**Student:** 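Right, I'll just put the structure down here and ask away after.
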Amino acid sequence: MSSTERDSSSANSTEAKKTDLRVNEKKCSWASYMTNSPTMIVMIGLPARGKTYMSKKLTRYLNWIGVPTKVFNLGVYRREAVRAYKSYDFFRHDNEEAMKIRKRCALVALQDVKAYLTEEGGQIAVFDATNTTRERRDLIQAFVKENSFKVFFVESVCDDPEVIAANILEVKVSSPDYPERHRERVMDDFLKRIECYKVTYQPLDPDDYDKDLSFIKVMNVGQRFLVNRVQDYIQSKIVYYLMNIHVDSHSIYLCRHGESKHNVEGRIGGDSELSPRGKQFAHALRNFIDEHKLSDLKVWTSQLRRTIQTAEELGVPYEQWKILNEIDAGVCEEMTYDMIQEAFPEEFALRDQDKYHYRYPGGESYQDLVQRLEPVIMELERQGNVLVICHQAVMRCLLAYFLDKGAEDLPYMKCPLHTVLKLTPVAYGCKVEMFYLNVEAVNTHRDRPLGKIPKDSALIHRRNSYTPLSSHDQVKRPRLYSAGNQPWLPLAPTPSALMPEERQSQVSEIVTGSPKSLTSYRNWSHHSCNRVFGIFSPHFWILLIIWCLCCNRRT
Amino acid sequence: MTNCPTLIVTVGLPARGKTYISKKLTRYLNWIGVPTKEFNVGQYRRECLKIYKSFEFFRPDNEEGLKIRRQCATSALNDVLQYLSVEGGQVAVFDATNTTRERRGTIIRFAEQNGFRVFFVESVCEDPEVIAQNIVQVKLGSPDYIHCDSDEAIKDFMKRIKCYESSYQPLDEVLDRDLSYIKIMDVGRRYLVNRVVDHIQSRIVYYLMNIHISPRSIYLCRHGESDLNIKGRIGGDSGLSARGQEFATRLRNFLQEQNIKDLKVWTSQMKRTIQTAEILGVPYEQWKSLNEIDAGVCEEMMYEEIQTHYPLEFALRDQDKYRYRYPKGESYEDLVQRLEPVIMELERQENVLVICHQAVMRCLLAYFLDKTADELPYLKCPLHTVLKLTPVAYGCKVESFCLSVDAVNTHRDRPEVGIIGSTQPIDLTTFQAVIHNSVRSLPHK
């Protein structure tokens, strides 16, 4: 990216932090890049209207697509200031002392927002509070103007008493304010709390007072929306997201395809078929679905053979998504980890340094994968019960979205073969149940490498996919097979056909521990690596030469 | 994703952009592969009446006029039924004022009878400048006002609007709370969205919320000539040739001359577009989705080589170039799906220069110029030429700027021997003829 270079060794440490986190644009996602100025999202609404639910969900989504976001919940600040909550009287609008405390809490929270957006590299701050009076909103607007942030309001309006009651039962009964957990007492006190707010509630007025503000008014849990003056890309994405989520109960089932032939050989990528055990798993999956009596279950697969074959066994209609295809390993497609280490040792090391951002030459990174999977997430939010049959890296990305895992943890999440994860949204998060379907499979997981990896080392991040480090020439890489397009003629032979017998026995050792030390390979210069050498280990060539010499000697 | 056919119904006074929205939405939906057609009741009225005299036709007390207008609406609805039930259409856009609850009730009953989902798109606007601009841009040139001068036409049209105003019943938050609709206010300043029930409606809402009418231009061009271009090979990731670099320099001068306000530059993640953008010396953003179509096993081959090694594939591609997917590669259809976020973001943006590749540029061009899947793969996108697209009235004005730097021709015309689009198996006797003709039309290396 030929934008102006920023001097990362500037004197001011906060400057350095900012440059480190945000301006190192080589690392940031498309969404983050498109979000230019810091934005404050301000929630508005009476208690029990789903503000915290929306704040947390939105924050999780924004962080997942790569926009650093944080929630600032005023209730938490209030609980810090007032150790023991006694009753709803605290919230009466004529309680002078309480009013002072509450205002002070708001100011402290705003200071934290400022620190997050200006010094800590945050891009979006979600201010989760009732913010029901014009006075409070004017205060926030003055703050925002002073600091040159953008502001976007999200108001939740609901008059359905059933929804409100359900809300209170699900999240308020277990709140720290009500340690005794006595349901009726909680319900009673909370409803009176809401009444306190109602007295001074001034909803957003789109026709007059608030017509120049940017906001979305969510009415009756998404039945209706009023959207006013969307200013930019990120606000448009936020609006689209809020319009697609719902609170109806449903479960999402994530699993990988059955064990594939490449899995057995320890190869990554490619487009192989199911192994016999993989087929067993597909049968087991069918029984699993029957047992759980899932109504209207939708089944989604990728466009690679192994997921399609798994779905075929289920005997139900399924949909193929190309974007659910496994991460493209570029030049490393269909190689085992050992082969990669030999052929591209620098690449191998780089990947362990920063597995989330590392992009295979000619292939993709986890970061690319997240961008590619965004429409799947959006559609999963819209749907009811869905079973997604996908791949290891893809499943990690989806899981990271539901379980709010960051870029650090995402590439090391455990997604074993032949295991179904059932995700059920509950309260502010997601309940996970794991079902191992009792069919053995190889372990394809590689743990995070042990030992300190220097974080500040010059990680040459490749923004462009065209500068592979290991070779000068652009290596021709076998591409993913697209389903529905039978090859009419035999295609170019895959590397496995060229593999000599002895290598194959080594290949079945899947790397589960730390990667082998690189010292044994350093003596071989792989930088001007010839493609032929890449396939066979140097040891093989030595043996071959010696054998030839022996043969010559004999004749 | 779309099982139940959808009927989109526009609502609004004249000159509120209903036809603009209808046409744009139809273009977008067709491009992403959802068969859509618009039915403009005004057209039906023109066919019925033959000659438009004056606004008097639209007076609310004109019985004869009302009868004819009702007939036209019914006739249009019948065509909608034909399109959605018989002809395999998925979405029909019913473009008319539909300002009374009574008319909308008729449409809803019609849809219920036939199992269609209804989604209303209402456009509300009271800004006199916007309305005046509307009238000047699209009404003056309408067949209704061909024989009038501008002032007369404007006056008549304003009176026409008045005729509708008295009986206008906008969609109401309370009375219409069970309908699915989006109300667009003041050209997108504000939206009211009610009861979005399925995926296609959610996509429509997202699209409508991202389009704008601020004047701007989109510049499309390919990377400069690359080394593989010179060798006549497709795909790959080579750098620019000397002539390609020359083009990039000329492009830089061209942009400076054009004096474009706040121009954004987008490239793909392949060497040749990045190198082109580098020479421009301005910040640019790389999109992976703008990468060239993946030719799978045929990457970096010449057309003759493909013909030699994969003759059947070669013939298949000529049969249906839009849907044909290279083994281990992509099809134009896949490309369109991958480019959709680019289009959405282009709609949001203002002035943008997109430096991309031949197949990609064809897809983007097809979106802006409303080309069908049949025409898309044969659009001419030569190297070293910049296309400037400026939205105007209901379409797009195209200006072509050839930057006078020689380059190879990478275009392959549609083959002459016709087995295009046929679903019959290939007869081997004609097979030879196909090969022959295709070879003859190959570009000179």
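Bear in mind the structure is a predicted one, so any value in this text is a computation, not a measurement. Just so it is clear: chains get the letters A, B, ... in the order the sequence lines come, proteins before strands, and each one is counted from 1.
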**Student:** Supply the atom-to-atom distance A:Gln303 CD to B:Asp334 CG, rounded to the nearest 0.5 angstrom.
**Tutor:**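 With rounding to 0.5 Å, CD (A:Gln303) is 6.5 Å from CG (B:Asp334).
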**Student:** Counting only non-hydrogen atoms closer than 4.5 Å, does B:Val205 touch chain A with its backbone (N, CA, C, O), its side chain (CB onward), both, or neither?
**Tutor:**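 The side chain, not the backbone.
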**Student:** About how many Å separate CE of B:Met209 and CE of A:Met243, when rounded to the nearest 0.5 Å?
**Tutor:**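 A:Met243 atom CE to B:Met209 atom CE measures 5.5 Å (nearest 0.5 Å).
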**Student:** Nearest 0.5 Å, please: how far is CG in B:Leu192 from NZ in A:Lys217?
**Tutor:**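 Answer for the NZ-CG pair, A:Lys217 versus B:Leu192, is 10.5 Å.
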**Student:** Does a sphere of radius 6.0 Å around CD in B:Gln337 hold more than 12 heavy atoms from other residues, nucleotides or ligands, not counting ones at 6.0 Å or beyond?
**Tutor:**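 No, the 6.0 Å shell around CD holds no more than 12 heavy atoms from other groups.
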**Student:** Could you give the distance from CZ (B:Arg338) to CD1 (A:Ile323), rounded to the nearest 0.5 Å?
**Tutor:**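 Answer for the CZ-CD1 pair, B:Arg338 versus A:Ile323, is 13.0 Å.
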**Student:** Under a 4.5 Å heavy-atom cut-off, does chain A meet the side chain of B:Arg189, its backbone, both or neither?
**Tutor:**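 When you check distances to chain A, atoms from both the backbone and side chain of B:Arg189 fall under 4.5 Å.
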**Student:** Return the CZ to OH distance between B:Arg348 and A:Tyr233, rounded to the nearest 0.5 Å.
**Tutor:**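 Interatomic distance, B:Arg348 CZ to A:Tyr233 OH, rounded to 0.5 Å: 9.0 Å.
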**Student:** Considering all heavy atoms of both residues, which atom of B:Lys288 and which atom of A:Gly363 are nearest to each other, and what is their separation?
**Tutor:**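 That would be NZ-O, 3.8 Å.
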**Student:** Measure distances from A:Met378 to the heavy atoms of chain B and classify the residue's part below 4.5 Å as side chain, backbone, both or neither.
**Tutor:**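 Neither the backbone nor the side chain of A:Met378 comes within 4.5 Å of chain B.
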**Student:** Measuring only between side-chain heavy atoms, which start at C-beta, is A:Arg359 closer than 4.5 Å to B:Gln269?
**Tutor:**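 A side-chain contact exists here, since the closest heavy-atom pair is under 4.5 Å.
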**Student:** Could you tell me whether a side-chain N or O of B:Arg190 sits under 3.5 Å from a main-chain N or O of A:Pro206, the two making a donor and an acceptor?
**Tutor:**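 Confirmed, B:Arg190 side chain pairs with A:Pro206 backbone.
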**Student:** Would you give the length of the straight line joining atom CZ of A:Arg382 to atom NE2 of B:His199, rounded to the nearest 0.5 angstrom?
**Tutor:**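 Going from CZ on A:Arg382 over to NE2 on B:His199, the span is 8.0 Å.
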**Student:** Given a strict heavy-atom distance threshold of 4.5 Å, which part of A:Gln235 is in contact with chain B: side chain, backbone, both, or neither?
**Tutor:**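 For A:Gln235, no heavy atom lies under 4.5 Å from chain B.
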**Student:** What's the shortest heavy-atom distance between B:Tyr181 and A:Arg224, and which atoms?
**Tutor:**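 Minimum heavy-atom separation between B:Tyr181 and A:Arg224: OH-CD, 4.3 Å.
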**Student:** Using non-hydrogen atoms and a 4.5 Å limit, figure out which bit of A:Arg229 sits close to chain B: side chain, backbone, both or neither.
**Tutor:**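 For A:Arg229, the contact with chain B is made by backbone and side chain together.
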**Student:** If every non-hydrogen atom of A:Lys237 is compared with every non-hydrogen atom of B:Tyr206, which pair is closest and at what distance?
**Tutor:**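 In terms of heavy atoms, the two residues are closest at NZ-OH, 4.1 Å.
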**Student:** Can you confirm whether more than 12 heavy atoms, excluding those of A:Asp248, are under 6.0 Å from its CG atom?
**Tutor:**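 For A:Asp248, atom CG is crowded (more than 12 foreign heavy atoms under 6.0 Å).
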**Student:** Please enumerate all residues that pass salt bridge (charged side-chain N to carboxylate O under 4.0 Å, His left out) together with B:Asp176, with sequence neighbours excluded.
**Tutor:**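 Counting only residues at least two positions away or on another chain, B:Asp176 forms a salt bridge (charged side-chain N to carboxylate O under 4.0 Å, His left out) with B:Arg101.
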